[in-house]
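Contents: one structure, followed by commentary.
All values reported here derive from a predicted model rather than from experimental measurement.
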Amino acid sequence: MKLTGREKSSLILEGVVTVILLLLLNMAVIVIIQDAIQSNPGVTNGIFMIKQSLRVGPLQAQIWSYQRILIAFLAVIDIWVVWWRLRRRYHLYQMDHIIAELHYIAQGHLDHRIPFRLKGNQQHVITSVNALVDSAVRSMDDERKIEKSKDELITNVSHDLRTPLTSIIGYLGLIEDKQYRSEEDILKYTHTAYEKAKQMKTLVDDLFEYTKVQQHGAPVNIMKIDLDQLIEQLTASFELEAQHRGIEITSSVVPNPLMIEADPEKLGRVFNNLVSNAFKYGNGASYIRIDARQERDIVVVKVANDGTPIPEKSLDHIFERFYRAEASRSRATGGTGLGLAIVKSIVDLHHGSVRVTSNDDETVFIVTLPLKQDKEK
């Protein structure tokens, strides 16, 4: 940190004034001591005897003048006092600069940081202040992202609810206004309204599940479960749909049984969503395969299918809420865009990770989970 010209002048002036005051004080002390010694013959004789008997150094030199020792002693004290006062003043100037930087940051210049480096406690203050500002900026950025996220959530939900709701109102309006020619038309209109209502219910259910797992401190009912049984029940629940679509669904778990600490309901939702996703978007698939393997203290579960690959540009966004790999927001697949976001949120609650790879041969979702949950996390 560089001092300003005014501060340097003030520092020099203070040093000069201090030296002058110390010299005057030294002269007064010397005069008082000399007057006290000269007015007391006993003290004078004692000092003379000490000088005669005292030898200093390897040459056994005698000390002939106590005044020189006194002056040297006072000079050492003077130097220390001058150094202490200048150092103290310099530290005050440093603190003034730190306070000035703080005022500048407090005025809204949150991209500014205290630029200089000091020694000792002042540097700890600077480091702490910069870290505090960084933390405040991160908190503000996170708050902005949360607000933006809320706005996007409301916008997306409104869009996705409005489309089927418009259809429901439209078809029910046709029935209400008796704009039908036969009972067959009524059944057609009510069936369409019913399907749109189910679509809305799916979106609301997914939205409820997503917001529930996104909440800070969301409850997780951790218990020991057999992953083989969970996956076997899952594949059994999809067998009829797989047969209808001409898809072979298989599972493999090694070792068997494979015990893992997890929330069975939430973990079941993870694999249910991944398999459902394979059915909805894996067009042309001939198989869906679920493989679980224990690797030391983790479990790796892969859900693979050989259907239509995910576009490469979509791989980095696939777990974002309301994101769909298809270019349009078509509801032909019946997806809400929340399924994979729910998967990621639940896996995060279990301190695991999820990723996806996709090419012309196979699309694989890879879920990594710890065997045991650390309660302190």
Side-chain angles (χ1 to χ4, degrees), residues 146-215 234 237-238 240-242 244-245 247 265-266 268-285 288 305 307-308 310-311 313-314 317-346 356 363 365:
I146 290 172
E147 289 298 322
K148 182 180 178 182
S149 180
K150 288 180 180 178
D151 292 342
E152 290 176 350
L153 180 62
I154 293 172
T155 301
N156 288 326
V157 170
S158 300
H159 179 280
D160 288 348
L161 287 176
R162 183 174 58 186
T163 302
L165 187 59
T166 301
S167 297
I168 292 172
I169 294 173
Y171 282 108
L172 293 180
L174 292 175
I175 298 174
E176 178 74 14
D177 297 337
K178 297 182 171 51
Q179 296 184 22
Y180 52 85
R181 292 186 295 272
S182 64
E183 184 178 345
E184 183 178 347
D185 285 343
I186 296 177
L187 292 175
K188 177 182 176 182
Y189 296 161
T190 54
H191 175 74
T192 303
Y194 175 69
E195 291 297 323
K196 294 298 181 180
K198 288 199 301 182
Q199 194 178 91
M200 287 180 61
K201 183 179 184 301
T202 299
L203 174 61
V204 172
D205 289 343
D206 283 351
L207 182 62
F208 175 75
E209 181 67 24
Y210 175 76
T211 54
K212 187 169 67 174
V213 297
Q214 279 288 308
Q215 290 175 357
L234 178 72
S237 67
F238 280 101
L240 288 178
E241 184 175 358
H244 178 72
R245 293 172 179 260
I247 297 174
E265 181 182 352
K266 287 183 169 56
R269 182 65 183 264
V270 166
F271 300 127
N272 183 84
N273 283 10
L274 291 177
V275 174
S276 297
N277 191 76
F279 278 118
K280 291 175 183 175
Y281 303 107
N283 298 326
I288 295 175
N305 73 85
T308 304
I310 300 172
K313 64 180 181 179
S314 300
H317 307 283
I318 200 72
F319 295 104
E320 296 176 5
R321 67 186 182 197
F322 294 109
Y323 183 83
R324 298 184 181 89
E326 59 264 34
S328 67
R329 292 181 60 88
S330 169
R331 305 309 300 258
T333 60
T336 64
L338 286 172
L340 293 181
I342 292 172
V343 167
K344 186 177 186 310
S345 297
I346 294 176
V356 60
T363 296
F365 285 87

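Taking CD1 of Ile346 as the reference point, atom CD of Glu209 lies at 5.0 Å (rounded to 0.5 Å). Taken from CG in Leu340 to CG in Leu274, the straight-line distance is 6.5 Å, to the nearest 0.5 Å. To the nearest 0.5 angstrom, Leu187 atom CG is 8.5 Å from Ile175 atom CD1. Residue Asn277 holds its CG atom at 9.5 Å from OG1 of Thr363, rounded to the nearest 0.5 Å. Atom-to-atom distance recorded for Ile342:CD1 and Phe208:CZ is 11.0 Å, nearest 0.5 angstrom. Note that CG of Leu207 and CG of Leu161 are 8.0 Å apart. Values are rounded to the nearest 0.5 Å.
The nearest pair of heavy atoms linking Ala341 to Tyr210 is CB-CE1, 3.7 Å. Nearest approach of Pro164 to Gln199, heavy atoms of both residues: CB-OE1, 3.8 Å. The minimum heavy-atom distance linking Lys313 with His317 is given by the pair O-CD2, 3.4 Å. For the pair Ile310 and Val356, the tightest heavy-atom approach, listed with the atom from each and the gap, is CD1-CG2, 4.0 Å. The two atoms that bring Ala278 and Ile288 nearest to each other are CB-CD1, 3.7 Å, heavy atoms only.
The side chain to side chain donor-acceptor pair (under 3.5 Å) search around Arg162 returns none, not counting sequence neighbours. Partners of Lys188 according to the side chain to side chain donor-acceptor pair (under 3.5 Å) rule, which considers only residues two or more places apart in sequence or in another chain, do not exist here. Considering only residues two or more places apart in sequence or on other chains, Ser276 meets the side-chain contact (heavy atoms from CB on, under 4.5 Å) condition with Phe238, Asn272. Residues passing the side chain to side chain donor-acceptor pair (under 3.5 Å) test with Asn273, sequence neighbours excluded: Arg269. Qualifying side-chain contact (heavy atoms from CB on, under 4.5 Å) partners for Gln179, counting only residues two or more places apart in sequence or in other chains: Leu174, Asp177. Partners of Asp185 according to the side chain to side chain donor-acceptor pair (under 3.5 Å) rule, which considers only residues two or more places apart in sequence or in another chain, do not exist here.
Sorted by first then second residue, the ring pair (Phe, Tyr, Trp, His ring centres under 6.0 Å) pairs that include residues 179-201, not counting sequence neighbours, are Tyr171-Tyr189.
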Subject >> Test log, rule side-chain contact (heavy atoms from CB on, under 4.5 Å), inputs Val275 and Asn305 >> reply: CA-CA 9 Å; Val275 174; Asn305 73 85; over 6 Å; no
Original post:
What's the verdict on side-chain contact (heavy atoms from CB on, under 4.5 Å) for Thr192 and Ile168, showing C-alpha distance, side-chain angles and the deciding distance?
Top reply: CA-CA 8 Å; Thr192 303; Ile168 292 172; over 6 Å; no
